[in-house]
2 protein chains.
Amino acid sequence: MEIDGHTKLVGLIAHPAGHSKSPAMHNAAFDQDEINARFLAFDVEPDQLPAAVNALRAFKMLGASVSMPFKQAVIPLLDHLDKTAELVGAVNTVVNHDGELTGYTTDGIGFVEALKDNGVSLSGQTMTLAGVGGAGTPIAIQAALSGLKTLNVFNVNEQTDCHATFYPLEDRDQFKQSISESDVYTDATGLGMGKLIDKTLVDDPGWFHQDMTVFDTVYAPSVTKLMGVANQAHVAHVINGQGMLLNQGAAAFKLWTGQEMPLKDLSL
Amino acid sequence: MEIDGHTKLVGLIAHPAGHSKSPAMHNAAFDQDEINARFLAFDVEPDQLPAAVNALRAFKMLGASVSMPFKQAVIPLLDHLDKTAELVGAVNTVVNHDGELTGYTTDGIGFVEALKDNGVSLSGQTMTLAGVGGAGTPIAIQAALSGLKTLNVFNVNEQTDCHATFYPLEDRDQFKQSISESDVYTDATGLGMGKLIDKTLVDDPGWFHQDMTVFDTVYAPSVTKLMGVANQAHVAHVINGQGMLLNQGAAAFKLWTGQEMPLKDLSL
């Protein structure tokens, strides 16, 4: 579908933004669904964030994806905040309804949907979660909303404003114990990628059991060191962050367009 | 060339904007020249103009085209103004150099280049120009800068801040006389399109002579009533606004990208 005078814009607002896979994903989906729109990534300087948000209104954009470092900073610039985004305290998706901007978070939905795609339901389950930063917080909230029974969170900095049980990551015995009692272990620390590619919080396959799920939010490399350890332990479901990324994108796509993202037809 | 995280944006800022041919022209040229950029048209509400201009900085856009009704209003929002744009008092092209916005006008260049494409030079010539609105003013200025000897301007409202001679359009005898003495007659009134499709300032072929040029800035329809009259008079060069449109676009394209627009390779 060629760009014409009616083509709508969706933007990624992030800093940096050039490495993003979102343009490829969303433009392929716009093509597939024959939606007259384009997705471009914008590397926005922090002092330009208000101007970038105002651009959504001025350009009558469908909306935006919001990524680091703006997921919290964008909130006071919006007109409305979805309930889950309010709970999480972060926004990764903005929808423009006639100049009224509403913030959503779809990261947690992406996590839950990625589990579903692998045949895993959180209902009544016990989960150990390492890391409650940008990825961990929406995962914790959405997991709680999806019927999780017990959540044990391990983090380098303790937090207390949640009904889940929080432990310091330094408490290795407690950490090992929690994983052994969990149906799902989720790592949202970002360890295992980039400069930390050789790092993992669990290097002993004996900490895992076969009938559990190990979920790493990292998507590159596609098999992290943690996932290698889980594979050694013959863990039933070892999942990387790719499905979470696609599903959070699909949830955002539906918010902007009202249509399903044709995930199966996309070759990414 | 697929959109990726580094794809740059250029926008049309106008109200309305949906009818614009600029997206087709510029995107075809970006493709042809393998420039990683896309051109989208934005229908900007008048009270949103400052936000639209700030978006150029926030999104690190290459620049923008500016059309009605913003060609004058945009000027105080820019950091710099090109000399010709200053003379004309209007901007149709904005270039973003690291957040510093400079306004240019390429409409006059488009006119002169379109004449050149038809083998017509203005050097030492006499021109009659009807209309000094958004299109007529840059034409008058650029024609003067291109070596025109005599310019007679006919307009419904008299103006006096120019060395050219201004006449009221109502003075039909003077108008007929001026055309008969001219090498070029240019109509920049916008008559002959839309609701005024049946209108022409000249309906008698006897007013024209064969070895002249008749230039109508209208491009749709491709042969206006005025051009029909000129054809009846067997005028040597009867030119519509299409070439002017392409050439003003090409001049803007070069300002944004530093590269020539591959006009001959574009199928528009």
Side-chain angles (χ1 to χ4, degrees), chain A residues 1-31 36-62 64-65 67 70 74 77 96 98-99 101 267-268, chain B residues 1-31 36-62 64-65 67 70 74 77 96 98-99 101 267-268:
Chain A
M1 199 167 201
E2 295 291 315
I3 292 173
D4 63 21
H6 301 280
T7 303
K8 290 288 185 181
L9 177 65
V10 181
L12 167 65
I13 295 177
H15 180 64
H19 62 285
S20 173
K21 308 273 182 238
S22 293
M25 171 168 58
H26 289 295
N27 289 314
F30 288 147
D31 260 1
N36 192 2
R38 289 296 187 283
F39 187 107
L40 270 73
F42 299 114
D43 181 351
V44 174
E45 301 295 325
D47 66 341
Q48 292 288 309
L49 179 62
V53 172
N54 282 332
L56 299 190
R57 300 186 184 97
F59 286 169
K60 296 178 183 168
M61 292 166 64
L62 294 181
S65 286
S67 194
F70 301 128
V74 77
L77 304 172
N96 179 15
D98 298 325
L101 304 182
S267 53
L268 296 170
Chain B
M1 202 169 198
E2 296 292 315
I3 292 173
D4 63 20
H6 301 279
T7 303
K8 290 289 185 180
L9 178 65
V10 182
L12 168 65
I13 295 177
H15 181 64
H19 62 284
S20 173
K21 308 274 184 238
S22 292
M25 170 168 59
H26 288 295
N27 288 314
F30 287 147
D31 260 0
N36 191 3
R38 289 295 187 283
F39 187 106
L40 269 75
F42 299 114
D43 181 351
V44 174
E45 302 295 325
D47 66 343
Q48 292 290 310
L49 179 63
V53 172
N54 281 332
L56 299 190
R57 300 186 183 98
F59 286 169
K60 296 177 184 169
M61 292 166 65
L62 293 182
S65 285
S67 194
F70 302 128
V74 76
L77 303 172
N96 179 15
D98 297 326
L101 305 181
S267 52
L268 296 170

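First the proteins, then the strands, lettered A, B, ... as listed; each starts at 1.
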* Structure fact -> The interface call for A:Asn27 against chain B, heavy-atom contacts under 4.5 Å, is side chain
* Selection from B:Gly99, B:Pro16, B:Gly11, B:Gly18 maximising heavy-atom pairs under 4.5 Å formed with chain A -> B:Gly18
* If you count heavy-atom pairs under 4.5 Å between each of B:Val44, B:Leu40, B:Asp4 and chain A, which one has the most? -> B:Leu40
* Just wondering, do A:Leu9 and A:Phe42 contact through their side chains at under 4.5 Å, heavy atoms? -> yes
* Asked: Does the side chain of A:Asn54 reach to within under 4.5 Å of the side chain of B:Asn54, using non-hydrogen atoms?
  -> no
* Structure fact -> Contacts of B:Ala17 meeting side chain to side chain contact (heavy atoms under 4.5 Å, CB included) (sequence neighbours excluded), chain-then-number -> B:Leu12, B:Ala14, B:Ala41, B:Asp43
* Nearest atoms (heavy-atom pairs only) where A:Arg38 meets B:Ile3 -> CD-CD1, 3.6 Å
* To do: With a 4.5 Å cut-off on heavy-atom pairs, point out which of A:Glu2, A:His19, A:Lys8, A:Gln48 contacts chain B the most.
  => A:Gln48
